[in-house]
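In what follows, every chain begins at residue 1, and chains take the letters A, B, ... in the order their sequences are listed.
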Amino acid sequence: MIANNPNRPDPRLLFDPAEARLEPPPRAFFRRDTELVARALVGMHIARRFRGRWYGARIVETEAYLGVADRAAHSWGGRRTERVAPMWADGGRLYVFLVYGMHHCANVVTRREGVPEAVLLRAAEGPPGGAAPPRLLSGPGKLCAALGITTADSGLDLLGGGPVTVLRGRGRRPRLGVSPRIGVDYAAEAKDWRLRFFDTESSAVSKAPSRRGGA
DNA sequence: TTCAAGATTTCCT
DNA sequence: GGAAATCTTGAAA
């Protein structure tokens, strides 16, 4: 028996995808333009299976990373190391990395094999009616911690019945805010690109929109 | 082999 | 508002 399994999702995120009427989108959804996918992911759900049960959260904030031409992206300049290998795969896979030696960050890979672009999942909120505190997943590191996602999950296919998936319902689209990305000041011209998208009505967004930001 | 720096969070003043 | 925590990755030597 493992008392403190780091991969264990927060029990307050327990939910039933079937009851919530959520389903995974087709592969073609992820193969589209990365900024479009980043926008579309806001309002969708990230879910993880652990010991036969599902845990999930509604995505409220994302960032697009545009591959070889984007100095903020790990694949900038064509970098193709073991860590970033999942970014080079076909759309619909998971890319997870460790930052600052302690926080995991989850990304959804977009485009086709050979085009290394992805969308960072920056924040989410627990299931409606659940007991999750409003800011349990209000940041990329916190999101991974709450769902128990680690680098061991990097490269997983989000489609095809694996333990991590992305789901969408039929609710209305959230009102989107736009701003430059967070924490990429080192990225020269790319630091000002407005590739961060968030649900303006959610209190789980990781950081208030920058003063000059907004739609 | 060595070393600087990071797609963050939390706690301190 | 500022800094510490903490370690893997990537690039240089």
Q: Kindly check if the number of other-residue, nucleotide or ligand heavy atoms within 6.0 Å of CZ (Arg27(A)) is above 12?
A: yes

**Q.** Strand DNA chain B in bracket notation, Watson-Crick/G-U under 3.5 Å with | for pairs to another chain
**A.** ||||||.|||||.

**Q.** Distance below 4.0 Å between Arg122(A) side-chain N/O and dT8(B) OP1 or OP2
**A.** yes

Q. Does Arg83(A) make a side-chain N or O approach to OP1 or OP2 of dG10(C) shorter than 4.0 Å?
A. yes

Q) Taking CZ from Arg196(A) and C1' from dT8(B), how many angstroms apart are they, rounded to a whole number? A) 14 Å

Q. Could you give the CG-to-C1' distance, from Asn107(A) to dA7(B), as a whole number of Å?
A. 8 Å

Q.
Keeping Arg53(A) on the side-chain end and Phe50(A) on the backbone end, is there a donor-acceptor pair under 3.5 Å?
A. no

Q: Grab the CZ-P distance between Phe197(A) and dA7(B) for me, whole Å please.
A: 19 Å

**Q.** Distance, rounded to the nearest Å, where His104(A) contributes NE2 and dC7(C) contributes C1'
**A.** 11 Å

Q) Hey, is the side chain of His74(A) poking within less than 4.0 Å of OP1 or OP2 on dT9(C), counting only N and O atoms? A) no

Q | Minimum heavy-atom distance between Leu137(A) and Ala57(A), given as atom pair plus value | A | CD2-CB, 3.8 Å

Q) Roughly how many Å is it from CZ in Phe97(A) to P in dT8(C), rounded to a whole number? A) 15 Å

**Q.** Any donor-acceptor N/O pair, Ser138(A) side chain to Arg135(A) backbone, under 3.5 Å
**A.** yes

Q. Are a donor atom and an acceptor atom from the side chains of Tyr95(A) and His74(A) found within less than 3.5 Å of each other?
A. yes

Q. Taking the side chain from Arg48(A) and the backbone from Leu147(A), do they hold a donor-acceptor pair closer than 3.5 Å?
A. yes

Q. Rounded to whole angstroms, how far apart are OH on Tyr186(A) and C1' on dT8(B)?
A. 12 Å

Q: To the nearest Å, give me how far apart CZ (Arg135(A)) and C1' (dT9(B)) are.
A: 12 Å

Q.
With salt bridge (Lys or Arg N to Asp or Glu O under 4.0 Å) as the test, pick out the partner of Glu63(A) among Arg194(A), Lys191(A), Arg39(A), Arg122(A).
A. Arg122(A)

Q) Who passes side chain to side chain contact (heavy atoms under 4.5 Å, CB included) against Arg111(A), sequence neighbours left out? A) Thr34(A), Val115(A), Glu117(A)

Check the interface with nucleotides 10-12 of chain B: list each N/O to N/O pair with the protein under 3.5 Å, or write none.
none

Q.
Checking Arg168(A) now: which residues fulfil salt bridge (Lys or Arg N to Asp or Glu O under 4.0 Å) with it, not counting sequence neighbours?
A. none

Q: For dG1(C) versus dA7(B), give the span between their C1' atoms, rounded off to a whole number of Å.
A: 22 Å

Q) Between Thr200(A) (side chain) and Arg175(A) (backbone), is there a donor-acceptor pair under 3.5 Å? A) yes

Show each protein N/O and nucleotides 11-13 of chain C N/O combination with a separation under 3.5 Å, one pair to a line.
{"unit_1": "dA11(C)", "atom_1": "OP1", "unit_2": "Arg79(A)", "atom_2": "NE", "d": "2.4"}
{"unit_1": "dA11(C)", "atom_1": "OP1", "unit_2": "Arg79(A)", "atom_2": "NH2", "d": "3.2"}

Q. Could you state the CG-C1' distance from Leu136(A) to dT8(B), rounded to the nearest angstrom?
A. 16 Å

Q. Under the salt bridge (charged side-chain N to carboxylate O under 4.0 Å, His left out) rule, what pairs show up with a residue in residues 65-87 of chain A, not counting sequence neighbours?
A. Asp70(A)-Arg181(A)

